[in-house]
Amino acid sequence: MTKNHHKLIILGSGPAGCTAAIYAARAGLKPLLIRGLEPGGQLTITTDVDNYPGYENTIQGPWLMEQMEKQALSVGTQLISGTVIKCDLTKNPIMLELDNGENYFADSCIIATGASARWLNIPSETKYRGFGVSACATCDGFFYRNKEVMVVGGGNTAVEEALFLTNFASKVTLVHRRSELRAEKILQERLFKNEKISIIWDHVLEEVLGTDSPLVVNKAILKSTKNDKNMEIDISGIFIAIGHDPNTKLFVNQLNMDEENYIITANDSTKTNIEGVYAAGDVQDKIYRQAVTAAGHGCMAALEAEKYLSLKDKSL
């Protein structure tokens with residue numbers, strides 16, 4: 001047998017990858033999980049988590065991912081640190097080259113490389129990320145009940161997040177760098193009709209202010225895109241809603257993707273256009289983007305891979 005050959009290799013160690021590993025290991029596939037560039041995925045930069053089933057009290061995102069990895073290991077997953085830098089999904093077996101120079105081979109592969117939120121990349125945003133600055137209203141909106149929050153952006157994501165946050169916040173301020181929104185008209189109409197939402201046009205987020213101990217956001221400095229003048233407003237939470245990018249560059253020209261480079265899978269399935277290759281979680285889901293839905297996709301992918309490998313073995 002070729003060195004570093006496995007029946008199933010899973011790329012990514014977020015909720016989708018870890019869940020796929022747990023199910024695959026329990027099926028006796030002895031999967032190899034390659035942890036990737038950001039082990040644990042987006043939950044590792046999320047502090048409080050209170051919407052993942054099974055926990056009465058709020059838990060920490062990094063702790064949850066640590067537990068998932070430990071569970072995957074305990075049932076028979078082999079786990080290695082590293083990042084795939086080159087792959088050929090059309091080869092038989094599939095070939096994956098890691099950043100350490102080693103090649104790995106697989107009869108089947110589950111891609112769970114996730115998506116990354118787009119950030120403004122200003123230093124103060126990074127400082128308070130997870131402590132008042134978020135890129136997921138459905139994840140963190142609950143923590144801002146009866147508080148004033150801000151959403152930065154002007155597309156569908158920003159408007160949807162602003163509307164969602166009105167379920168909790170006392171006031172939502174939408175900040176957009178232009179004088180009109182890019183969101184669909186029906187969403188704009190809903191936004192303009194909502195009395196809890198106000199809009200600051202022609203401004204960008206210049207700086208996030210807050211306390212250091214504990215890390216808490218309390219102000220935002222906005223800069224005009226017309227005259228460079230600054231304005232300061234009191235705020236308890238800031239949601240950056242300028243979109244996500246799926247981590248799929250590695251698979252361009254191999255897997256079918258949509259116009260935003262999310263992997264396209266078959267209806268009610270995690271199957272890609274290449275037999276034996278599956279995609280699970282945020283890498284193919286741009287609608288829900290939740291840990292629990294990613295875990296569900298991971299389960300589906302493992303079950304489909306197990307069926308594929310079983311039929312393949314029988315045909316030999």
Hey, could you give me the [atom1]/[atom2] distance between [X] and [Y], rounded to the nearest 0.5 Å?
X    : Y    : atom1 : atom2 : value
M95  : T90  : CE    : OG1   : 9.5 Å
M65  : Q60  : CE    : CD    : 14.0 Å
L187 : E160 : CG    : CD    : 5.5 Å
R178 : R182 : CZ    : CZ    : 6.0 Å
E97  : K86  : CD    : NZ    : 5.0 Å
I240 : M150 : CD1   : CE    : 9.0 Å

Test item: side-chain donor near acceptor, D140 and S134, under 3.5 Å: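 Note: D140 and S134 side chains meet the donor-acceptor criterion.
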When you check the side-chain N and O atoms of H6 and D107, is any donor under 3.5 Å from an acceptor?
-> no
Problem - F239/F164 under ring pair (Phe, Tyr, Trp, His ring centres under 6.0 Å): CA gap, chis, key distance, verdict - result: CA-CA 12 Å; F239 292 84; F164 177 80; 9.1 Å; no
ILVMFWY clustering at 4.5 Å (side-chain atoms), partners of [X]:
X    : result
Y288 : I287
L29  : L8, I10, L33, L73, L79, I110, Y278, Y308, L309
I263 : I9, L11, L32, I34, I80, V84, L89, I94, L96, L98, Y104, I111, L250, F251, V252, L255, M257, I274, V277, V283

Heavy-atom side-chain contact between [X] and [Y] under 4.5 Å:
X    : Y    : result
Y23  : M300 : no
V151 : V175 : no
L191 : L174 : yes
N4   : N103 : no
T173 : V149 : no

Using the side chain to side chain donor-acceptor pair (under 3.5 Å) criterion, which residues pair with [X]? Sequence neighbours excluded.
X    : result
N230 : none
T265 : Q284
Q290 : T138
S269 : E304

Worksheet item: Is there any ring-ring contact (aromatic ring centres under 6.0 Å, His included) pair reaching into residues 177-219, and which pairs are they, with sequence neighbours excluded?
Response: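 Qualifying pairs: none.
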Output every pair passing ring-ring contact (aromatic ring centres under 6.0 Å, His included) with a member in residues 49-70, not counting sequence neighbours, ordered by first then second residue.
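Found Y55-W63.
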When you measure from the side chain of [X] to the backbone N and O of [Y], does any donor-acceptor pair fall under 3.5 Å?
X    : Y    : answer
Q42  : A115 : yes
K147 : S236 : no
D258 : N261 : yes
H176 : E180 : yes

To check you understand the geometry: which heavy-atom pair defines the closest contact between [X] and [Y], and what is its length?
X    : Y    : result
A72  : C18  : CB-O, 4.3 Å
T44  : G41  : OG1-O, 2.6 Å
A24  : P31  : CB-CG, 3.8 Å
A158 : A241 : CA-CB, 3.5 Å
T77  : A25  : OG1-CB, 3.7 Å
A302 : A20  : CB-O, 3.4 Å

- Neighbour count >12 (heavy atoms, 6.0 Å) for atom OH, Y128: yes
* Asked: Can you tell me if CD on Q67 sees more than 12 non-hydrogen neighbours from other groups inside 6.0 Å?
  ->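 Yes, because the 6.0 Å sphere around CD of Q67 holds more than 12 heavy atoms from other groups.
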Hey, are [X] and [Y] close enough for a salt bridge, meaning a charged N less than 4.0 Å from a carboxylate O?
X    : Y    : value
D202 : R177 : no
E189 : K185 : no
E102 : K3   : yes
K286 : E259 : yes
R289 : D282 : no

The test is side-chain contact (heavy atoms from CB on, under 4.5 Å); show your working for N256 and T272 and say whether it passes. CA-CA 7 Å; N256 291 342; T272 69; over 6 Å; no
Do you reckon [X] sits in the same ILVMFWY cluster as [Y], going by side-chain contacts under 4.5 Å, direct or chained?
X    : Y    : answer
I199 : L163 : yes
L205 : I221 : no
Y262 : I242 : no
V75  : L303 : no
I200 : V217 : yes

| Would E232 and L209 satisfy side-chain contact (heavy atoms from CB on, under 4.5 Å), going step by step from the backbone distance to the final call? | CA-CA 10 Å; E232 182 178 294; L209 301 177; 4.0 Å; yes
Requested in this report: Give the C-alpha distance, both sets of side-chain angles, the deciding distance and a yes or no for side-chain contact (heavy atoms from CB on, under 4.5 Å) between N167 and F142.
Outcome: CA-CA 8 Å; N167 294 315; F142 175 82; over 6 Å; no
| said: Under the rule for side chain to side chain contact (heavy atoms under 4.5 Å, CB included), what residues qualify as partners of T211, not counting sequence neighbours? | reply: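 T211: side chain to side chain contact (heavy atoms under 4.5 Å, CB included) contacts with V216, N218.
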- request: Using the test side chain to side chain contact (heavy atoms under 4.5 Å, CB included), find all partners of D268 that sit at least two apart in sequence or belong to another chain.
  value: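 Listed in chain order: nothing, the list is empty.
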### Verdict with reasoning, I235 to K219, per side-chain contact (heavy atoms from CB on, under 4.5 Å)
CA-CA 5 Å; I235 213 76; K219 291 181 186 296; 5.8 Å; no
Practice prompt. For the pair E69 and R35, evaluate salt bridge (Lys or Arg N to Asp or Glu O under 4.0 Å) and give the outcome as yes or no after the intermediate values.
Written response: CA-CA 10 Å; E69 276 200 358; R35 299 178 78 211; 2.9 Å; yes
Exercise for the section: Walk me through it: do S116 and N247 pass the test side-chain hydrogen bond (donor to acceptor under 3.5 Å, both in side chains)? Expected result: CA-CA 7 Å; S116 301; N247 301 318; 3.2 Å; yes
Contacts of C136 meeting disulfide (SG to SG under 2.5 Å) (sequence neighbours excluded), chain-then-number -> C139
